[in-house]
Amino acid sequence: MIALVLAFTFFVAAFLPVGVVKAAEPISINANAAIMIEESTGKILYGKNIDEMLPIASMAKIMTEYLVLEAIDEKKITWDQTYTPSEYVYKISQNRSLSNVPLRQDGTYTVKELYEATAIYSANGAAIGLAEIISGSETNFVKQMNEKAKELGLKNFDFVNATGLENKDLIGMHPEGTDVSGESKVSARDMALLSQRLIQDYPEVIETSSISKKVFREGTDDAINMPNWNWMLPDLIYAYEGVDGLKTGSTDNAGSCFTATAVKNGMRVISVVMNAKGDSLHESRFKETKKLLDYAFNNFSVKEVFPANYQLKDQSTIPVVKGKEDQVAIHTKDALKLVVKNGEEESYTSSFKIDEKQLTKDGELTAPIKEGQKVGTMVVSYEGESQDLGFIEDAQKPTIDLVTKEAVEKANWFVLSMRGIGGFFSGLWGTVTDTVKGWF
């Protein structure tokens, strides 16, 4: 038996590519796609099938929330602005098989009320109402959603309505130009990128997404409890320390989905799971998200890897021409913080890349030079043993500006003339010396 095992092992090894060893997955996420990033840098900590467009269900409301907060910020709408539901919004809001707060057809509702119902309770009628407030119709709003996605740098996306519902659930009133069987699809990478942009551009989103429960129209005959579908918030069934957002979603096609964000020990992360698998549709997304959060917080932290005013010994100065000094010191403008895996603090190297457009053909800067003048960038490379998954988009790769440490004034005409004369005689003396040497 031992001989057979050894023979089989030898046989399998003989057909494996030499030197190729597949790195073991750090964790196993039971979902069609998943990603974990650190929010401030966009560093990817875990990824599985991150670029395939998949149905996102109500996670599409993250884009709806972005456009609402943008419209508020740009003073196109106000929180206390009122709205009376259209027939379309009224009919959708009455469908309690979907997540909804019932709206009266002759009622008036503030933007704030509709936004909270959307962000906390994933109310679909309220989300369409917001779309009509901002763009006049959901059709126009969908165009705006896709335009904003492109502007924010998303690559793999297709928004077809404001809610994330399958169009077949919109009682034949789905946005013009979209298919009755259509639904919004986005890659896990782009869901994480959209969420990062939302949190960074409008951090106030956390004030609402972190609310565990709220009463819609409290104190009126229309009062209705709105428990947050994010069961990882404090006091809820899957409470996880630091979780304060962001959006759940589920449809027949999308399955169980969740975009989460949490902060602990000064590090905020964003995770996405799409079509999580498990015994329970609702619970599976939280169980898989917990794996991602545990992995991130137990293995990574944000650290200052290179301080401000950092210099490389062999690139600490640049030659200067036409200046009172013949060189200028350079250093980094700011400190560089990176997401570092435990034990890999020394796994990063740096190099200075000087902007050649500022240099003469002889590699010199030309005076006058200002203090703090940008002359290049510091580029950082990872040389550790762990798999480097890169960044959520190329533009977020870490670079720091290189600047001059002090100013260098331009030398006056007399000094420049004397240098020219000195250079002339120096060259002449060199020629005479060489000639004399030739005689002997």
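A donor-acceptor pair shorter than 3.5 Å cannot be found between the side chains of S181 and K168. Using a 3.5 Å distance cut-off with no hydrogens or angles, the side chains of S187 and E52 do not pair a donor with an acceptor. Side-chain contact, K61 with S122: a donor N or O sits under 3.5 Å from an acceptor N or O. The closest side-chain donor-acceptor pair between N167 and N161 falls under 3.5 angstrom. Counting only N and O atoms by type, the side chains of E39 and Q200 include a donor and acceptor under 3.5 Å apart. The closest side-chain donor-acceptor pair between Y382 and E344 falls under 3.5 angstrom.
Shown here is N342, whose CG atom has more than 12 heavy atoms of other residues, nucleotides or ligands within 6.0 Å. Residue K264 qualifies as enclosed at atom NZ: its count of foreign heavy atoms under 6.0 Å is above 12. More than 12 heavy-atom neighbours from other residues, nucleotides or ligands sit within 6.0 angstrom of CG on D314. Taking a 6.0 Å sphere around CD of E346, one finds it holds 12 or fewer heavy atoms contributed by other residues, nucleotides or ligands. Atom CD of E176 has 12 or fewer neighbouring heavy atoms from other residues, nucleotides or ligands inside a 6.0 Å radius. Heavy-atom contacts from other residues, nucleotides or ligands closer than 6.0 Å to NZ of K214 number 12 or fewer. Other residues, nucleotides and ligands place more than 12 heavy atoms under 6.0 Å from the CD atom of Q105.
Ion pairing of K150 with E147 is absent here, as no side-chain N (NZ or NE/NH1/NH2) approaches a carboxylate O to less than 4.0 Å. Between R268 and E38, no side-chain nitrogen of the basic residue sits less than 4.0 Å from a carboxylate oxygen of the acidic one, so the salt-bridge criterion is not met. Using a 4.0 Å cut-off between a side-chain N of Lys or Arg and a carboxylate O of Asp or Glu, E371 and K405 do not qualify as a salt bridge. A salt bridge is defined here as a Lys NZ or Arg NE, NH1 or NH2 lying under 4.0 Å from an Asp or Glu carboxylate O, and E151 with R197 fails to meet this definition. Under the 4.0 Å criterion applied to side-chain N and carboxylate O atoms, E65 and K247 are not assigned as salt-bridge partners. By the 4.0 Å N-to-carboxylate-O rule, K185 lies too far from D190 to be salt-bridged with it.
By the 4.5 Å heavy-atom criterion applied to side chains, Q144 and L67 are counted as neighbours.
Across all non-hydrogen atoms, the minimal contact from Q196 to T41 is NE2-C, 4.3 Å. Across all their heavy atoms, S351 and L312 have their closest contact at CA-CD1, 3.9 Å. Contact record, V272 with M59: CG1-CE, 4.3 Å, taken as the closest heavy-atom pair. Closest approach of Y121 to N100, counting heavy atoms only: CE2-O, 3.3 Å. Closest approach of G255 to N275, counting heavy atoms only: CA-OD1, 3.6 Å. Taking every heavy atom of both residues into account, A329 and T317 meet most closely at CA-CG2, 4.0 Å.
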> Passes ring pair (Phe, Tyr, Trp, His ring centres under 6.0 Å), F306 versus Y348? Steps please.
Replying inline: CA-CA 9 Å; F306 295 98; Y348 297 87; 7.8 Å; no

>> Evaluate K76 against E70 for salt bridge (Lys or Arg N to Asp or Glu O under 4.0 Å), listing each step before the verdict.
In response: CA-CA 9 Å; K76 294 178 179 178; E70 180 182 63; 5.8 Å; no

>> Evaluate M267 against F297 for side-chain contact (heavy atoms from CB on, under 4.5 Å), listing each step before the verdict.
In response: CA-CA 8 Å; M267 181 175 75; F297 290 128; 3.8 Å; yes

>> Using the rule given for side-chain contact (heavy atoms from CB on, under 4.5 Å), can you reason through M226 versus V215, listing the C-alpha separation, both sets of side-chain angles and the distance that settles it, and then say yes or no?
In response: CA-CA 6 Å; M226 296 193 301; V215 178; over 6 Å; no

>> Walk me through whether T261 and I206 qualify under side-chain contact (heavy atoms from CB on, under 4.5 Å).
In response: CA-CA 9 Å; T261 184; I206 299 298; 4.0 Å; yes

>> If you apply the rule side-chain contact (heavy atoms from CB on, under 4.5 Å), what do you find for E113 with V101, and how did you get there?
In response: CA-CA 10 Å; E113 287 176 318; V101 291; over 6 Å; no

>> Pair D80, K112 - check salt bridge (Lys or Arg N to Asp or Glu O under 4.0 Å), show working.
In response: CA-CA 6 Å; D80 57 1; K112 186 72 170 179; over 6 Å; no

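The only member of W229, F258, Y240 that meets ring-ring contact (aromatic ring centres under 6.0 Å, His included) when paired with F286 is F258.
At distances below 3.5 Å, not a single donor-acceptor pair connects side-chain atoms of S137 with backbone N or O atoms of E132. A donor-acceptor pair is defined here as one N or O able to donate and one able to accept, closer than 3.5 Å; no such pair exists between the side chain of S347 and the backbone of E383. Checking side-chain atoms of Q311 against main-chain N and O of H331 turns up no donor-acceptor pair under 3.5 Å. Of the possible polar contacts, one joining the E138 side chain to the A162 backbone as a donor-acceptor pair under 3.5 Å is found. At least one donor-acceptor pair under 3.5 Å links the side chain of K48 to the backbone N or O of I29. For Q94 (side chain) and L103 (main-chain N/O), a donor-acceptor pair under 3.5 Å exists by modelled atom type. When atom types are taken as modelled, the side chain of T220 and the backbone of D222 share a donor-acceptor pair closer than 3.5 angstrom. A distance-only check finds no donor-acceptor pair linking the side chain of T84 to the backbone of T108 [under 3.5 Å].
The aromatic rings of Y115 and W79 sit tilted, their planes meeting at an angle between 30° and 60°.
Residue pairs that meet the ring pair (Phe, Tyr, Trp, His ring centres under 6.0 Å) test with at least one member in residues 135-166, sequence neighbours left out, do not exist here.
A cation-pi contact links K43 to F391, judged by a cut-off of 6.0 Å to the six-membered ring centre and 45° from its axis.
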